[in-house]
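Here the structure is laid out as structure tokens; the discussion comes afterwards.
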Amino acid sequence: MTLELHNTLTGSKDPFEPLQDGHVGMYTCGPTVWNYAHVGNLRAFLFYDLLRRQLQADGYRVTHVMNLTDIDDRILDQAMHAGTTIVEYVKPYVEAFFEDMRSLRALPADHYPKATEHIPDMVAMIGTLLERGFAYEADGDVYFRIESFPRYGMLSHLDRSGLRPGMRVATDKYDKESVSDFALWKKAHPDDEKLGAAWDAPFGRGRPGWHIECSAMAKRYLGDTFDIHGGGVDLMFPHHENEIAQSEAANGKPLARVWLHSEHLAEAGGEKMSKSAGGFTTLRDLVAAGHDPLAVRFFLIANAHYRSRLRLTSEALHASAEQVRRLRDFAARVRRMDPGTQEDQELIGRIAKVRAAYKEALDDDLNLPQGVGQVFELVREANAAMDDSRVGEHGRRALAELIEEVDRHLDVMGGEEPGLAEEVERLIAEREAARSAKDFIRADLIREELKQRGIALEDSRDGVRWRRVTRERGM
Ligand code: AMP
Ligand code: ZN
């Protein structure tokens with residue numbers, strides 16, 4: 001099977017075909033850096049990462065562009081309160097975003113264009129829209145005239161009867177009731193000058209609206225038409241609808257061929273996680289509460305299909321941590337095992353089957369949860385086979401290849417176990433305390449637990465040292 005993706009434009013799962021043989025151009029809406037990204041935002045960003053990884057696994061070269069919105073209403077407000085410029089205000093949040101992406105092992109995009117560094121591209125596009133009659137000026141602002149674009153609403157399958165021509169909204173974010181002309185350019189307010197948020201343009205000094213930035217930067221890095229545009233489902237209307245209107249009106253060509261939207265992450269109570277609503281959780285919060293970023297990664301990509309809602313609960317995070325641990329233990333065991341002389345042919349057949357099923361699940365609109373489910377079944381079977389020494393060189397190699405393939409998406413099995421050193425040190429301290437209290441049974445239990453995890457303890461004059469050891473067979 002070849003890759004099929006659920007395209008919001010067509011409303012169906014369609015076989016994916018890129019414009020250019022072997023290459024995929026993809027634009028995804030990145031963070032508005034007015035604050036730390038919350039775990040809901042990170043779900044969207046890890047969905048982009050999963051998509052990129054699957055395209056690469058299917059043999060495509062990918063050019064991935066993810067913008068940073070470093071100017072919008074909220075950033076202006078916050079910079080104003082902080083008494084600084086917008087560029088200074090967003091700096092720590094931009095850094096924090098990249099840090100989060102690294103801890104979650106998201107592959108870096110090829111370009112991270114910032115809106116404030118692409119103002120001339122936006123001014124040029126707005127100029128074209130004015131020239132062609134798709135936009136008009138009103139009191140120093142410039143608006144897109146949605147009446148001039150009959151396809152407006154095609155992405156979100158909007159009922160155009162609710163359309164109120166001539167109604168205008170100037171805010172960057174607005175709700176479903178506001179099917180209205182939207183701002184492309186906003187006249188400079190005296191405060192904007194102090195904030196470093198005003199630029200010259202033929203239609204007057206001002207700043208861009210939110211939507212035009214993506215149209216202008218997508219064109220700059222990917223051309224008029226590209227393969228995939230992605231974002232969270234809340235961006236479908238109005239943001240993506242507006243992007244389509246601006247780009248297609250200005251360029252006279254379709255914008256993206258495939259539109260993908262990932263579902264929300266909800267709070268434990270069920271409500272959508274949102275920064276504006278106040279209650280939100282960041283990766284930093286979770287790490288401070290003792291969660292491992294890789295468990296968070298696994299939870300966000302492997303617990304639910306990207307088009308299903310997902311709820312953030314601490315039980316779900318703990319379950320994900322446990323699954324990551326099982327996978328890592330399994331991978332380590334396969335790496336260290338000495339192949340036996342027996343070879344279980346049935347197991348080898350199963351490995352090939354699971355490999356095919358895993359690929360098929362991912363090609364089916366990125367169904368990672370389904371693929372991972374199959375892998376866990378196999379992990380159980382293969383562990384039992386290793387217990388009985390039924391895995392020879394052939395079997396070991398097949399398992400290693402499967403692990404490598406699965407980790408192309410999951411990326412949780414390679415590298416040093418995060419937090420391992422701290423965990424071992426904690427157990428060693430606990431064992432020392434038990435020994436001082438003459439609780440030798442407890443002390444031995446801890447030593448045994450560490451041994452099970454491939455860690456050996458050595459009592460030395462300088463205290464207790466630990467090292468990794470090859471696991472004994474049959475463990
Ligand atoms: P923003 O920083 O608000 O521009 O959003 C960045 C990305 O996060 C967009 O793709 C949003 O659709 C997505 N997003 C925002 N809130 C959530 C949420 N609760 N769950 C999943 N994705 C979200
Ligand atoms: Zn966008």
Side-chain angles (χ1 to χ4, degrees), residues 8 26-51 65-75 78 90 93-94 96-97 100-101 104 106 109 111-115 118 122 155-156 171-174 182 208-222 226 228-247 255-256 259-283 296 299-301 303-312:
T8 311
M26 122 179 170
Y27 186 94
T28 59
C29 295
T32 306
V33 280
W34 71 287
N35 205 326
Y36 295 108
H38 61 59
V39 198
N41 301 135
L42 297 174
R43 180 182 191 199
F45 305 152
L46 286 181
F47 155 63
Y48 309 158
D49 176 62
L50 175 63
L51 172 63
V65 181
M66 181 159 163
N67 67 300
L68 302 182
T69 298
D70 59 350
I71 175 164
D72 91 330
D73 298 344
R74 289 169 302 180
I75 293 174
Q78 299 290 327
V90 302
Y93 300 115
V94 171
F97 161 73
D100 289 351
M101 296 300 272
L104 291 171
H111 305 277
Y112 290 103
K114 287 187 184 140
H118 294 78
M122 300 176 212
L155 181 70
S156 44
T171 48
D172 283 330
K173 305 221 170 177
Y174 48 94
F182 56 90
W210 170 38
H211 314 291
I212 193 72
E213 76 173 72
C214 286
S215 284
M217 296 193 289
K219 182 181 170 83
R220 156 77 44 196
Y221 293 93
L222 296 169
F226 50 92
I228 300 180
H229 194 310
V233 68
D234 58 315
L235 300 187
M236 191 196 303
F237 177 86
H239 182 57
H240 290 161
E241 210 67 78
N242 292 354
E243 276 189 42
I244 291 176
Q246 298 161 149
S247 296
L255 179 57
W259 286 79
L260 303 180
H261 290 101
S262 57
E263 255 301 338
H264 283 143
L265 178 74
E267 301 275 5
E271 62 286 6
K272 179 198 161 194
M273 188 175 292
S274 133
K275 280 186 271 196
S276 330
F280 67 89
T281 311
T282 65
L283 181 62
V296 178
F299 165 73
L300 289 175
I301 62 174
N303 243 27
H305 184 255
Y306 76 90
R307 297 203 303 123
S308 310
R309 277 197 127 190
L310 177 63
R311 261 179 348 125
L312 180 72

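For ligands, and for the atoms within them, numbers begin at 1 and follow the listed sequence.
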Item to check | Minimum-distance N/O/S atom that Glu243 presents toward the Zn ion (ligand 2) | outcome: OE2
Next on the checklist: Regarding ligand 1, does His264 bring an N or O atom to under 3.5 Å of one of the ligand's N or O atoms?
Outcome noted: no
Checklist entry - Purely on distance, is any nitrogen or oxygen of Leu235 under 3.5 Å from one on ligand 1? => result no
Next on the checklist: Just verifying a value: how many Å separate Lys272 NZ and Arg309 CZ, rounded to the nearest 0.5 Å?
Outcome noted: 8.5 Å
Checklist entry - Below 3.5 angstrom, do we get any N/O pair linking Asn41 and ligand 1? => result yes
Item to check | Side chain Asn67, main chain Gly30, donor-acceptor under 3.5 Å | outcome: yes
Item to check | Arg311 (side chain) donor-acceptor with Ala268 (main chain) under 3.5 angstrom | outcome: yes
Next on the checklist: Parallel, tilted or perpendicular: which one describes the rings of Tyr112 and Phe97, with boundaries at 30° and 60°?
Outcome noted: perpendicular
Next on the checklist: Taking distance alone, with N or O pairs closer than 3.5 Å, would you say Gly232 contacts ligand 1?
Outcome noted: yes
Next on the checklist: Please report the interatomic distance CG(Asp49) to CG(Leu300), rounded to the nearest 0.5 Å.
Outcome noted: 11.0 Å
Checklist outcome for this item: With heavy atoms and a 4.0 Å threshold, my read on which part of Glu263 contacts ligand 1 is backbone
Item to check | Ring geometry between Phe47 and Tyr306 (parallel below 30°, tilted from 30 to 60°, perpendicular above 60°) | outcome: parallel
Checklist entry - Would you say His211 has an N, O or S atom lying under 2.8 Å from the Zn ion (ligand 2)? => result no
Next on the checklist: Contact between ligand 1 and Gly30 is defined here as a heavy atom of the residue under 4.0 Å from a ligand atom; is it met?
Outcome noted: yes
Item to check | Ligand-side contact atoms (ligand 1) for residue partner Phe45, heavy atom cut-off under 4.0 Å | outcome: 6 (C), 7 (C)
Checklist entry - Against heavy atoms of Met273, which atoms of ligand 1 measure under 4.0 Å? => result 16 (N), 18 (C), 19 (N)
Checklist entry - Is there a nitrogen or oxygen of Gly40 sitting under 3.5 Å from a nitrogen or oxygen of ligand 1? => result yes
Checklist entry - Trp34 near ligand 1, heavy-atom distance under 4.0 Å? => result no
Item to check | Within-shell test, Ser274 vs ligand 1, heavy atom, strictly < 4.0 Å | outcome: no
Item to check | Atoms of ligand 1 close to Thr32 [distance to a heavy atom under 4.0 angstrom, numbered from 1] | outcome: 1 (P), 2 (O), 4 (O)
Next on the checklist: With a cutoff of 4.0 Å, is Thr69 in contact with ligand 1, counting heavy atoms of the residue only?
Outcome noted: no
Item to check | ligand 1 contacted by Tyr48 (non-hydrogen, < 4.0 Å) | outcome: yes
Next on the checklist: With heavy-atom distances below 4.0 Å as the criterion, list the atoms of ligand 1 near Asp234.
Outcome noted: 11 (C), 12 (O)
Next on the checklist: Keeping Thr8 on the side-chain end and Trp259 on the backbone end, is there a donor-acceptor pair under 3.5 Å?
Outcome noted: yes
Next on the checklist: Distance check, rounded to the nearest 0.5 Å: Ile212 atom CD1 versus Met217 atom CE?
Outcome noted: 10.5 Å
Item to check | Subset of ligand 1 atoms that lie under 4.0 Å from at least one heavy atom of Lys272 | outcome: 16 (N), 19 (N)
Item to check | Gap separating the CE atom of Met26 from the CG atom of Leu260, nearest 0.5 angstrom | outcome: 8.5 Å
Item to check | Spatial distance of atom CD (Glu267) from atom NE2 (His38) [nearest 0.5 Å] | outcome: 8.5 Å
Checklist entry - Judging by distance only, is a nitrogen or oxygen of Val233 under 3.5 angstrom from one on ligand 1? => result no
Checklist entry - Using the ring of each side chain (for Trp, its six-membered ring), is His261 parallel, tilted or perpendicular to His240, with breaks at 30° and 60°? => result tilted
Item to check | Atom indices of ligand 1 within 4.0 angstrom of Pro31 heavy atoms, with elements | outcome: 2 (O)
Next on the checklist: Looking at Met122, is its backbone amide N or carbonyl O close enough to the side chain of Glu213 to form a donor-acceptor pair, meaning the two atoms are under 3.5 Å apart?
Outcome noted: no
Item to check | Atom indices of ligand 1 within 4.0 angstrom of Leu265 heavy atoms, with elements | outcome: 18 (C), 19 (N), 20 (N), 21 (C)
Checklist entry - With no hydrogens and no angle check, is any side-chain donor or acceptor of His264 less than 3.5 Å from a backbone partner on Ala266? => result no
Checklist entry - Is the distance from the Zn ion (ligand 2) to the nearest N/O/S atom of His240 under 2.8 Å? => result no
Checklist entry - Which one holds for Tyr306 and ligand 1: side chain close, backbone close, both close, or neither close, with close meaning a heavy atom under 4.0 Å? => result neither
Checklist entry - Ignoring hydrogens and geometry, is there a side-chain-to-backbone donor-acceptor pair from His111 to Pro113 under 3.5 Å? => result no
